[in-house]
There are 2 protein chains.
Amino acid sequence: MLAKSEQAITNADRTFFQLRKDIVEGIIPAGSKLSEMELSTKYEVSRAVIREAINRLATCHLVERKANVGARVVALSPEGLIQLYQVREALEGMAARLAARYMTDEEIADMQALLDSHFDKVKDGQSYYQEAGDVDFHYRIVTGSKNDHLISVLVDGLYHLVRMYRVQLGMAGPRVSTAFDEHRHIVNAIANRDEELAEMLMRRHILYSKNNIEKKLNHG
Amino acid sequence: MLAKSEQAITNADRTFFQLRKDIVEGIIPAGSKLSEMELSTKYEVSRAVIREAINRLATCHLVERKANVGARVVALSPEGLIQLYQVREALEGMAARLAARYMTDEEIADMQALLDSHFDKVKDGQSYYQEAGDVDFHYRIVTGSKNDHLISVLVDGLYHLVRMYRVQLGMAGPRVSTAFDEHRHIVNAIANRDEELAEMLMRRHILYSKNNIEKKLNHG
DNA sequence: TGGGCATATATTGTCGACATTAGTCATTTT
DNA sequence: AAAATGACTAATGTCGACAATATATGCCCA
């Protein structure tokens, strides 16, 4: 999905990525117990490798671990999703501000080109590109902040949790055209080096997404 | 230091806390290599326990790990500290906003009382309480947000990194009296349930701290 | 019959040994 | 002489076995 430089070197890496994928996509159900023995036979690695993978998942908040008891996949709750979006609003708002400050002109031009290509595809009705496009857009802003902590918390942590919610609660993409307009305005603000506006627009963009999701959760 | 519920159950827990403390306080120097064998003899536990502790430290970004090579304590850099404060500004600003929304009247009253006691102590010239008081104040706001992700990222992650910088760069507390005024104003905004103002004041408060630190780094 | 306690079992926590990899140094070849 | 290649070494990665802990079962007693 992400064209990130997350490449697996060791078995623990591979197992971690595989487990994370299986959890995010709901192959391993939310709230279910993660037995080290069971997983070590299933993934054909030793318990130590599974333990390391589970520990990493725990620090990503995809699983919760209790000493001498074991680990469970986190349970999905509406409040959890709201809280996730509150953090996203704060962090990605700051990311947009920093992107307006630190992104190079080339990076901004690339991002504008990316948005154009997305727009063409959406115009042709290929709305299934929406999620990938949205991910791409947010990813570029976040990396454009040039802030390693920000990047890590979002890309390595929150985004996987958000994806888990979206996949398992069946939140495929509504809000296609409006979201694209919002993306466009954010990029314009960044191109104008208007930090204040970039942050404000990004925060509103995420707030709208949150409200939209809340609506679906309540009336759906 | 923190009266948190972080209590060690297993040896890995204890070793993790001990290692974290030694790194934050500079007993293990920034940038130095962490040899698993060496540490396992030093802390009198097996290599597996050390490995688990190091892995946890890696996800806290206190150490950096490279596959088949080893782990090093992160290097301190002025840019790193700036980036940390950028993330703090975003997250604690949101925390103040959410605290204004979700803290109970009792929690707010407690916090005001805490501030009063701090003020009395500072008035008497006991300025060495400043850092602990500051930590207490920020900790209450963050937990008052009732947002688990926010709490975890800040309390389990960033605060230890910030403390590492403060300890090792010798940033003991200046800005005592002005910081107290800022704290007071933030609490007032929260008591008035003014989310917008609470967030804005908190962001400024952290921004001022950042500027103050930058000044010391440059002229110090 | 219901509750508390002791035992039993299954799971996690811990350990030491082995396998594998990266880095170093010496040798060889051009 | 310089560069490349090969083996050597020391570290990390992986594994299976043992120890400690929590939950479940069943027994005893009120």
Side-chain angles (χ1 to χ4, degrees), chain A residues 4-23 27-75 156, chain B residues 4-23 27-75 156:
Chain A
K4 251 206 63 184
S5 58
E6 263 189 337
Q7 85 177 33
I9 307 286
T10 86
N11 276 343
D13 292 336
R14 266 182 293 279
T15 308
F16 168 62
F17 293 138
Q18 184 67 44
L19 255 178
R20 187 177 63 184
K21 187 180 170 222
D22 291 348
I23 288 174
I27 296 171
I28 299 176
S32 64
K33 189 172 190 318
L34 293 175
S35 163
E36 294 181 357
M37 275 198 327
E38 191 183 325
L39 292 175
S40 83
T41 59
K42 183 176 173 185
Y43 291 94
E44 295 178 325
V45 288
S46 95
R47 256 188 65 216
V49 172
I50 293 288
R51 269 182 77 81
E52 181 170 336
I54 289 181
N55 276 329
R56 289 200 221 172
L57 291 169
T59 53
C60 295
H61 295 276
L62 281 167
V63 314
E64 285 171 347
R65 153 160 270 170
K66 244 170 59 180
N68 291 314
V69 173
R72 311 189 76 86
V73 179
V74 294
D156 298 333
Chain B
K4 251 206 67 185
S5 58
E6 265 189 337
Q7 85 177 32
I9 307 287
T10 84
N11 275 343
D13 292 336
R14 266 183 292 279
T15 309
F16 168 62
F17 293 138
Q18 185 65 45
L19 254 179
R20 187 176 63 186
K21 187 180 170 225
D22 290 349
I23 289 173
I27 297 171
I28 299 176
S32 64
K33 189 172 189 317
L34 293 175
S35 162
E36 295 181 357
M37 275 198 324
E38 191 183 325
L39 292 174
S40 84
T41 60
K42 182 175 172 187
Y43 290 95
E44 293 178 328
V45 288
S46 95
R47 256 189 64 216
V49 173
I50 294 288
R51 267 182 79 80
E52 182 171 337
I54 290 182
N55 275 329
R56 289 200 221 172
L57 291 168
T59 55
C60 296
H61 296 276
L62 281 167
V63 313
E64 284 171 346
R65 153 159 272 172
K66 241 170 64 179
N68 291 314
V69 174
R72 312 189 75 85
V73 179
V74 294
D156 298 332

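Not measured: the values here are computed from a predicted model. Letters A, B, ... are given to chains in the order of the sequence lines, protein chains preceding strands, and every chain is numbered from 1.
Here B/T10 reaches the OP1 or OP2 of C/dT14: one of its side-chain N or O atoms lies under 4.0 Å away. Residue B/R65 has a polar side-chain atom (N or O) positioned under 4.0 Å from OP1 or OP2 of D/dG13. Contact annotation: A/N11 does not reach the phosphate of D/dG13 (side-chain N/O to OP1 or OP2, under 4.0 Å).
Note: B/R56 CZ to B/L62 CG = 13.0 Å, rounded to the nearest 0.5 Å.
Two residues, A/I9 and A/A48, neighbour DNA chain C, and the one matched to the more 5' nucleotide by heavy-atom proximity is A/A48. Where B/E36 and A/A67 meet DNA chain D, the nucleotide closest to each residue was compared, and B/E36 sits on the side nearer the 5' end. When the nearest nucleotides of DNA chain D are assigned to A/A12 and B/M37 by heavy-atom distance, the more 5′-ward of the two goes with B/M37.
B/D13 places its CG atom 18 Å from the P atom of D/dA20, with the value rounded to the nearest Å. Counting to the nearest Å, the P atom of C/dT12 and the CD atom of A/E64 are 16 Å from each other. Atom C1' of nucleotide D/dA10 and atom CG of B/L39 are separated by 16 Å, given to the nearest angstrom. Counting to the nearest Å, the P atom of D/dC15 and the CZ atom of B/R51 are 11 Å from each other. Rounded to whole Å, atom C1' of C/dT21 lies 5 Å from atom CG of B/N68. The NZ-C1' distance, from A/K66 to C/dG13, rounds to 16 Å in whole Å. Rounded to a whole Å, the CG atom of B/N55 is 12 Å from the P atom of D/dT12. Look at CZ on A/F16: it is 14 Å from P on D/dT14, rounded to the nearest Å.
Here C/dC15 is the nucleotide among D/dT12, C/dC15, C/dG13 with the atom lying nearest to any side-chain atom of B/V49. Side-chain proximity of B/S46 to C/dT11, C/dG16, D/dA22: nearest is C/dG16. With distances taken from any side-chain atom of B/R47 to the nucleotides C/dT21, C/dG13, C/dA17, the minimum falls on C/dA17. Side-chain atoms of A/K33 lie closest to C/dT11 of the nucleotides D/dT12, C/dT11, D/dT14.
Here B/E36 pairs with B/R65 in a salt bridge; the nearest charged N to carboxylate O distance falls below 4.0 Å. For the pair A/K33 and A/E38, the salt-bridge criterion is not met [side-chain N within less than 4.0 Å of a carboxylate O].
Here the side chains of A/I54 and A/L39 are in contact, with some heavy-atom distance below 4.5 Å.
A/I50 comes within contact range of no nucleotide atom at all, as no heavy-atom separation falls under 4.0 Å. At a threshold of 4.0 angstrom between heavy atoms, the contacts of A/I54 with the nucleic acid are absent.
Put simply, the side chain of A/R72 gets close to the backbone of A/G31: a donor and an acceptor are under 3.5 Å apart.
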